[in-house]
Amino acid sequence: MAVGLQNKKIVFIIQARMGSTRLPGKILMPLPLGSDKCLLNWITDSLKTSGFNHSIFIATSLSSKNDLLKKFCSKNDIECYRGSEENVLSRFIDIANTNEFDLVVRFTGDNPFIDVNLLDKSIAYHLEEQADYTTTGGLPLGMNFEIIDAKAFVGLDKKHLSTSEKEHVTMHFRESGDYKTNTFYPIKEDLSSLRLTVDYPSDYLLVSAIFSIAEKRNVNPDIHLIKYCLKEYAWIFETNQDNIQKNASKTIEQEIAKAKPILNKYGFKKLIAVIEKNE
């Protein structure tokens, strides 16, 4: 890694909360099942091994439900920032604005698979391209990274953003057209159809199974492990394929476009016909 890149000051911000509606308390659940280590432990322990000069923050809200996250941070030597429940973006802006960081890398507490080698490659790519915003592609859902120039992040504080843009932290970078954005593909394969985020009980069971395999083989839970599991135990990835990701559409047209394949999959053809008639 070039010295100039290595000296960049980077903050890893993990967006987290205890009040999940579909799987409450999931980020502090043991992983694998029966372990003394939780989802959030895997994320923070992995990020600590990055070769870049970095700080780690957990960004949560002031809700009393998240007092457990404050305790987690104290126990694990992690910075904790608590802010608005609804305006998630403001948490990131405040962290970036009160520290002299060059880059912000966004994570969420329900994505425990962090391949640090791919992370560092993605950060290096972002810096070399001098982009405002870089996301990765081709990785399973739950393993991608979002890397943002810290000055661009702080600049959002002066913009009039929608409620959706404040809730979905990087939406404005992705959809406004005002920034230099890039997509980096850190692996040759396209594994984007795999779901490795934890939103539902079936997600947790799948992820727990993979972490159990990692422990048995004494290997890191990285992309090599996922490829191994896909080769040897492909059927396990079918257990959560019907789960639906939370919608982050900006317009009704986008929402309809996402809804139609789901409706079609479950046979709601009459409803699809009504929607298409009124489009």
Side-chain angles (χ1 to χ4, degrees), residues 1-16 40-61 69-70 72-84 87-109 111-136 139 143-159 161 166 168-174 176 178-184 186 220 222:
M1 186 187 300
V3 174
L5 299 185
Q6 199 169 21
N7 289 337
K8 292 292 184 179
K9 192 175 179 183
I10 298 173
V11 58
F12 299 144
I13 303 180
I14 307 164
Q15 177 183 329
L40 207 49
N41 277 133
W42 284 104
I43 297 172
T44 56
D45 286 355
S46 295
L47 293 180
K48 287 177 181 178
T49 66
S50 170
F52 281 93
N53 175 21
H54 66 274
S55 300
I56 303 174
F57 278 75
I58 288 180
T60 190
S61 79
L69 294 181
K70 176 66 175 178
F72 173 91
C73 290
S74 298
K75 181 179 179 181
N76 292 279
D77 195 27
I78 302 293
E79 297 284 348
C80 184
Y81 177 86
R82 303 183 72 170
S84 170
N87 188 349
V88 183
L89 174 62
S90 67
R91 305 179 208 163
F92 284 75
I93 292 174
D94 287 349
I95 293 171
N97 199 29
T98 54
N99 300 272
E100 296 181 358
F101 294 118
D102 296 300
L103 290 182
V104 175
V105 187
R106 177 182 178 239
F107 302 88
T108 58
N111 294 336
F113 289 97
I114 307 288
D115 189 316
V116 175
N117 289 328
L118 299 185
L119 170 62
D120 284 358
K121 286 181 182 179
S122 301
I123 293 171
Y125 172 86
H126 174 90
L127 291 168
E128 290 164 357
E129 293 294 315
Q130 299 182 346
D132 296 311
Y133 172 85
T134 298
T135 188
T136 51
L139 295 175
M143 288 192 73
N144 284 293
F145 310 114
E146 291 182 291
I147 306 161
I148 310 101
D149 178 81
K151 290 182 180 178
F153 231 136
V154 172
L156 292 181
D157 202 27
K158 299 178 181 179
K159 294 182 178 289
L161 303 179
K166 292 175 182 178
H168 302 285
V169 176
T170 57
M171 179 183 284
H172 188 72
F173 290 111
R174 290 182 278 111
S176 67
D178 296 337
Y179 301 90
K180 181 181 178 181
T181 64
N182 282 322
T183 302
F184 175 56
N220 292 324
D222 57 16

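Since the model is a prediction, treat every value here as computed from it, not as a measurement.
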Side chains of N76 and T44: is there a donor and an acceptor less than 3.5 Å apart? no
Please confirm whether the backbone N or O of T60 pairs with a side-chain atom of R82, one donor and one acceptor, at under 3.5 Å? no
Heavy atoms from other residues, nucleotides or ligands near NZ of K70 exceed 12 (cutoff 6.0 Å): no
Taking side chain to side chain donor-acceptor pair (under 3.5 Å) as the definition, give me every residue that meets it alongside Y179, ordered by chain and number, with sequence neighbours left out. none
Could you tell me whether the side chain of H54 and the main chain of F52 form a donor-acceptor pair under 3.5 Å? yes
R106: partners by salt bridge (Lys or Arg N to Asp or Glu O under 4.0 Å), with sequence neighbours left out: E146
Mark yes or no for whether D149, through its side chain, and K151, through its backbone, hold a donor-acceptor pair below 3.5 Å. yes
For residues G109 and I43, report the shortest heavy-atom separation together with the two atoms involved. O-CD1, 3.7 Å
Among I58, I13, I114, exactly one meets side chain to side chain contact (heavy atoms under 4.5 Å, CB included) together with F107. Which residue is that? I114
Working to the nearest 0.5 angstrom, can you tell me the gap between I93 CD1 and K166 NZ? 9.0 Å
May I ask you to decide if the ring planes of Y125 and F184 are parallel, tilted or perpendicular, using 30° and 60° as cut-offs? parallel
Would you call L119 and L47 a side-chain contact if the rule is heavy atoms closer than 4.5 Å? yes
Decide yes or no on side chain to side chain contact (heavy atoms under 4.5 Å, CB included) for I147 and S122, but give the supporting numbers first. CA-CA 8 Å; I147 306 161; S122 301; 3.8 Å; yes
Step-by-step side chain to side chain contact (heavy atoms under 4.5 Å, CB included) determination, V104 to F92: CA-CA 8 Å; V104 175; F92 284 75; 4.2 Å; yes
What distance separates Y133 OH from I148 CD1, expressed to the nearest 0.5 Å? 6.5 Å
Parallel, tilted or perpendicular for F57 and F101, by the 30°/60° rule? perpendicular
Side chain to side chain contact (heavy atoms under 4.5 Å, CB included) between K8 and N53, intermediate numbers included: CA-CA 6 Å; K8 292 292 184 179; N53 175 21; over 6 Å; no
Could you tell me if the side chain of D115 sits less than 4.5 Å from the side chain of K121, heavy atoms only? no
Indicate whether the side chain of D94 and that of Y81 have a donor and an acceptor atom separated by less than 3.5 Å. yes
Any side-chain heavy atom of F153 sitting closer than 4.5 Å to one from V169? yes
Without swapping roles, check the side chain of D102 against the backbone of K9 for a donor-acceptor pair under 3.5 Å. yes
Distance-only side-chain donor-acceptor flag, N182 / T134, under 3.5 Å: no
Using a 6.0 Å cut-off, check whether atom NZ of K180 has over 12 heavy atoms from anything other than its own residue. yes
Any I14 side-chain heavy atom under 4.5 Å of I56 side chain: yes
Can you confirm whether V105 sits close enough to I123 that some side-chain heavy atom of one is under 4.5 Å from a side-chain heavy atom of the other? yes
Taking the side chain as every heavy atom from C-beta outward, state whether L118 and L139 have any atom pair closer than 4.5 Å. yes
Roughly how far, to the nearest 0.5 Å, is the CD1 atom of I78 from the CG atom of N41? 9.0 Å
One pair to check against side chain to side chain contact (heavy atoms under 4.5 Å, CB included): M143 and N111. What are the steps and the verdict? CA-CA 7 Å; M143 288 192 73; N111 294 336; over 6 Å; no
Would you say the side chain of L103 lies within less than 4.5 Å of the side chain of V11, judging by non-hydrogen atoms? no
Using side-chain heavy atoms (C-beta onward) and a distance below 4.5 Å, is F173 in contact with L156? yes
